[in-house]
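Remarks on the structure that follows.
Model, not experiment: these values are computed from the prediction.
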Amino acid sequence: MSPRGGNMFESTARSAALVLAVLAVACGKPVDPSGDEDATFTRASMAGAPAPTGVDRPLSADLAVEPVSMLVSFNRLKTADKLQEALNKQPGQFSHIDLDKDAQPDPLTVADRAAKDGHAFEIRVRPKTGEFVVATMLFDPEWSYLGHYDGVMGGAASTTARPLPAVPQVNAAPVAPVVVATPPAVVPSAPPTQVAAPPAAPVTPAIAEAPAPAPGPAGAVQAAPAGGAQPAQP
């Protein structure tokens, strides 16, 4: 290899290493006020990490964060109301969060959050007990997914044991009620009513009539009953 070719190879290698280093820094976790990496932030990853388990796991562990990000980046659902409608179209498709323990996935709501460089959506859950933060998803200015916080942006994580109450947005329009399709209730049919038959009338035994006396032969005189009148003599 000529010296010129060797120099070009080394230059290309250095450029590639520089690009990889820049990408590693750009894709790293945000830092907290102390300068350490923010433990509540999870950067985007196509491989996906195993979801945490346990009683006090983050609520985002029961949310399909990567598929939700695809709804925004690829399906162009770039407003909070459109994303919220899609998330609740089929209950249980994107979330298995059930804070009120009624064996049904709780409905989700979405709120816009201000981001320094790009966009942010705060995904919330609304059980019967209130409204709580699940995760805050970050996107760059071109709507490429960057990662998510396990709660509020730059704050504490929201967990199953300690869910963070959602803070209403200032000057924001009231959130429309979440409409979740529910199957019609099945009313059990009443058993057939049995009508008792009226009691049978008592049967009075019939009294047999005495048979009429048979007529005697002609010219015969019939005896009169005892105590009766005697027949006149001719």
Distance, nearest 0.5 Å, that separates [atom1] of [X] from [atom2] of [Y]:
| X | Y | atom1 | atom2 | result |
| --- | --- | --- | --- | --- |
| Leu59 | Ser158 | CG | OG | 4.0 Å |
| Asp117 | Leu138 | CG | CG | 10.5 Å |
| Ile123 | Ser60 | CD1 | OG | 11.0 Å |
| Met137 | His148 | CE | NE2 | 8.0 Å |
| Arg43 | Leu146 | CZ | CG | 12.0 Å |
| Ser69 | Leu83 | OG | CG | 10.0 Å |

Minimal non-hydrogen separation, [X] against [Y], with atom names:
| X | Y | answer |
| --- | --- | --- |
| Pro105 | Ser95 | CB-O, 3.8 Å |
| Met153 | Ala114 | CE-O, 3.1 Å |
| Val167 | Arg113 | O-NH2, 3.1 Å |
| Pro141 | His119 | O-NE2, 3.3 Å |
| Ala44 | Glu66 | CA-OE2, 4.1 Å |
| Asp100 | Pro127 | OD2-CB, 3.6 Å |

So Phe94 and Leu87, side-chain contact (heavy atoms from CB on, under 4.5 Å) or not? Walk me through it.
-> CA-CA 6 Å; Phe94 296 99; Leu87 294 180; 3.9 Å; yes

Okay, side chain of Gln84, backbone of Val110: is any donor-acceptor separation there less than 3.5 Å?
->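 A pair under 3.5 Å: yes.
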
Linking I/L/V/M/F/W/Y whenever their side-chain heavy atoms sit closer than 4.5 Å, directly or via other members, would [X] and [Y] fall into one cluster?
| X | Y | value |
| --- | --- | --- |
| Val152 | Val65 | no |
| Val72 | Val134 | yes |
| Leu63 | Leu99 | yes |

Determine whether [X] and [Y] make a side-chain contact, defined as any pair of heavy atoms from C-beta on separated by less than 4.5 Å.
| X | Y | value |
| --- | --- | --- |
| Thr40 | Tyr149 | yes |
| Phe121 | Thr136 | no |
| Asp102 | Lys128 | yes |
| Thr109 | Asn88 | no |

For Asp56, check side chain to side chain donor-acceptor pair (under 3.5 Å) against everything at least two apart and list the hits.
-> Thr159, Arg162

Working for side-chain contact (heavy atoms from CB on, under 4.5 Å), residues Leu108 and Arg124 = CA-CA 6 Å; Leu108 300 174; Arg124 304 172 174 183; over 6 Å; no

Salt-bridge test for Arg57 and Asp62: reply yes if a basic N is under 4.0 Å from a carboxylate O, no otherwise.
->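 Here Arg57 pairs with Asp62 in a salt bridge, since their nearest N and O are under 4.0 Å apart.
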
Over 60° means perpendicular and under 30° means parallel, so classify the ring planes of Tyr145 and Phe139, tilted if in between.
->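 Aromatic pair Phe139/Tyr145 classed tilted.
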
Would you list the pairs meeting salt bridge (charged side-chain N to carboxylate O under 4.0 Å, His left out) in which at least one residue belongs to residues 73-87, sequence neighbours left out?
-> none

